[in-house]
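Each remark here refers to the structure printed beneath this line.
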Amino acid sequence: MLKQSTLTYHVSHPLHQSEGVSRAARGKGVCHDGQCDFLIAVPVKSFDSGDSNRDLHMIQVTRGAEFPMVTVRTRLPESASASATVKADLEVQFAGQTARYQQVAFEVVTQGDEKKISGTIPTTLTDFKIDPPSLLALPVKNEIPVRVEMTWTSQ
Amino acid sequence: MNLKAVQFVFGIILIFVLTAHSLYAQATLSVSVTDSSGKVVGNAKVTVKNAATGLSTEAQTDSTGLCTVSNLAVGEYEVLASGDGIGTAIAHVTLTAGVEVQQTLLLTVTSVSQAPADNLPNAPTPNKTEPSLEDLGFSKTDTQANAAQQALLDKRTHMLKMHQRFGLITTVPLLATLITSVNAGGKSTSTTDRNVHLVLGAVTGDLYGITAYYAIRAPRIKGTETKGPIKLHKALAWIHGPGMILTPILGAMAYSQKSNGEKVHGIAAAHGPVAIVTAGAFGAALLSVSMKF
């Protein structure tokens, strides 16, 4: 089970560098036959950039009311949790679109029965067919990397 | 019944009901559920989930192991079937418009363990089912699509974009009005300079009014706490808003006094300072949402 998490998206604009943070993600892993299926989900509206206007605009532009959840699915071998680095193929559903990212690297640190996993998903706006929002006629950059920090525990 | 090592076969036949002239083509999915021996499974729960929207439709097989789910939008679906004490199976199917497809999938569940797999690090559940949103305990309000809310957000964004656009446009005549004020006031006696200043001021006022309209009429989103730079942006409106009303009134008085050959006096003398404070607050409001401090 996902015990706690911090997901942070980063948006670059010529006048701004913004980050939105969510700690509302939930996740679960189910293992069978040496493979584990993971699902991590987070409400779009839970991301907080410290600016309510920007957050509402983010929900609008990502169609967050129509598609309120971001989900990430992956399948890993059970043995992966013993490694210091895991490379995962991710399927991300967001804004009504599905994007797949191959071999995304995550660091794994084991502390007791907890696994601390961190990495960055190289998401872009075009992956999800999102029109780049603009401020003063200047659009944001296409790259919106999402930093993931999770703590998993056995149930 | 021994739950261990039970397999069943899960067959899916797709039948499309297509309307070639419709933008919203729909399809019907027929699902047949059998166990490993080929025996039909009645009362099996079937969940059909649209991969794009996450919306699920549930059905139950009849005594012949069949069920039909109609009025499905074309697209990718995850189909999950489960029978009490038998096992579960999952398939991914694509419903495509314009082609009538019949497809049969055979899915095999190898084993379903009753014993908790304590040695597994990620809390397995006693079946092969992939975890779902329901497993994560999100409430329906978290996961349910809200088209009305999206429409409200779309309208809000449109109106605030217009607000931003007109705000930027307003800065041009605003600056020109400030620049021409040098020759319009003081000891200047030029009627032309005063008139140019007056016209530019009037254009500024009109554009400001349109800018303000889009901000005031933009829909409010319930349950949203205002925070961040937008708080300062809104607070500054309490300065430049009244200022934009007061400035032309004082300006008209000053214009009248100058036109009568008088020195600007009384409350009309505040026209310049009020205009400067108003323009300053307007500029600060613009910067408050443009720059990161």
Side-chain angles (χ1 to χ4, degrees), chain A residues 1-2 13 15-18 24-33 36-41 43 45-46 48-57 59-61 63-69 71 73 75-76 78 80-82 93 96-98 110 113 115 133-137 152-155, chain B residues 51-54 76 110-113 116-133 135-138 141-158 160-161 164-165 168 221 224-231 233-234 286 289-292:
Chain A
M1 291 293 289
L2 182 60
H13 182 270
L15 301 174
H16 282 269
Q17 296 291 318
S18 306
R26 295 180 190 177
K28 188 176 182 181
V30 178
C31 297
H32 51 80
D33 302 337
C36 297
D37 289 315
F38 290 92
L39 170 65
I40 300 138
K45 67 180 179 185
S46 67
D48 183 356
S49 71
D51 181 338
S52 55
N53 192 48
R54 186 189 300 131
D55 292 339
L56 283 173
H57 190 45
I59 296 170
Q60 184 273 330
V61 82
R63 298 163 69 200
E66 277 184 283
F67 304 101
M69 302 297 292
T71 62
R73 291 177 189 276
R75 173 172 285 184
L76 292 168
E78 277 182 57
S81 63
Q93 288 189 348
Q97 304 294 324
T98 301
T110 304
D113 65 344
K115 303 276 182 197
S134 59
L135 178 66
L136 302 179
W152 291 81
T153 57
S154 302
Q155 198 177 46
Chain B
T53 65
E76 291 183 16
T110 51
S111 67
V112 179
S113 172
D118 292 329
N119 57 327
L120 303 182
N122 296 300
T125 50
N127 60 44
K128 277 196 74 168
T129 310
E130 289 178 12
S132 66
L133 279 180
D135 293 337
L136 302 183
F138 283 107
T141 44
D142 281 332
T143 59
Q144 209 162 34
N146 188 336
Q149 181 82 345
Q150 186 64 47
L152 202 66
L153 286 165
D154 289 343
K155 186 178 178 186
R156 177 185 180 277
T157 294
H158 167 72
L160 292 182
K161 269 185 181 173
Q164 188 188 101
R165 199 166 295 167
L168 286 171
I221 306 299
T224 305
E225 181 199 351
T226 303
K227 60 182 177 182
I230 197 69
K231 271 180 105 168
H233 184 78
K234 284 182 173 179
L286 194 72
V289 288
S290 309
M291 311 298 288
K292 197 165 190 177

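Keep in mind it's a predicted model, so treat the numbers as computed, not measured. So you know, we letter chains A, B, ... as the sequences are listed, proteins then strands, and number each from 1. Below, all heavy atoms of this structure are taken into account, side chains as well, without hydrogens, waters or symmetry copies.
- Atom CG of B/D135 is separated from atom CG of A/L39 by 8.0 Å, given to the nearest 0.5 angstrom.
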Q.
Run A/D48 and B/K227 through side chain to side chain contact (heavy atoms under 4.5 Å, CB included) and show every step you take.
A. CA-CA 10 Å; A/D48 183 356; B/K227 60 182 177 182; 2.7 Å; yes

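- Residues passing the side-chain contact (heavy atoms from CB on, under 4.5 Å) test with A/Q60, sequence neighbours excluded: A/H57, B/Q150, B/L153, B/D154, B/T157.
- In this structure A/D51 satisfies the side-chain hydrogen bond (donor to acceptor under 3.5 Å, both in side chains) test with no other residue, sequence neighbours excluded.
- For the pair A/N53 and B/L160, the minimum side-chain heavy-atom distance is below 4.5 Å.
- Contacts between B/R156 and chain A at a heavy-atom distance below 4.5 Å involve the side chain alone, from C-beta outward.
- For a residue to count as touching a neighbouring chain, one of its non-hydrogen atoms must lie under 4.5 Å from one of that chain's; by this rule A/S49 does not touch chain B.
- With respect to B/L136, the side-chain contact (heavy atoms from CB on, under 4.5 Å) criterion is satisfied by exactly one of A/M1, A/R26, A/M69: A/R26.
- At least one donor-acceptor pair under 3.5 Å links the side chain of A/R73 to the backbone N or O of B/P131.
- If you measure heavy-atom distances from B/Q149 to chain A, the contacts under 4.5 Å come from both the backbone and the side chain.
- What you find for B/V289 and A/H16 is that their closest heavy atoms are O-NE2, 3.8 Å.
- For chain B, no part of A/L2 is nearby; none of its heavy atoms comes within less than 4.5 Å.
- Both the backbone and the side chain of B/T226 come within contact range of chain A, with heavy atoms under 4.5 Å apart.
- The shortest non-hydrogen separation linking B/I230 to A/S52 is CG2-OG, 3.7 Å.
- Of all the listed residues (A/R75, A/K45, A/Q97, A/E66), the one sharing the greatest number of non-hydrogen pairs under 4.5 Å with chain B is A/E66.
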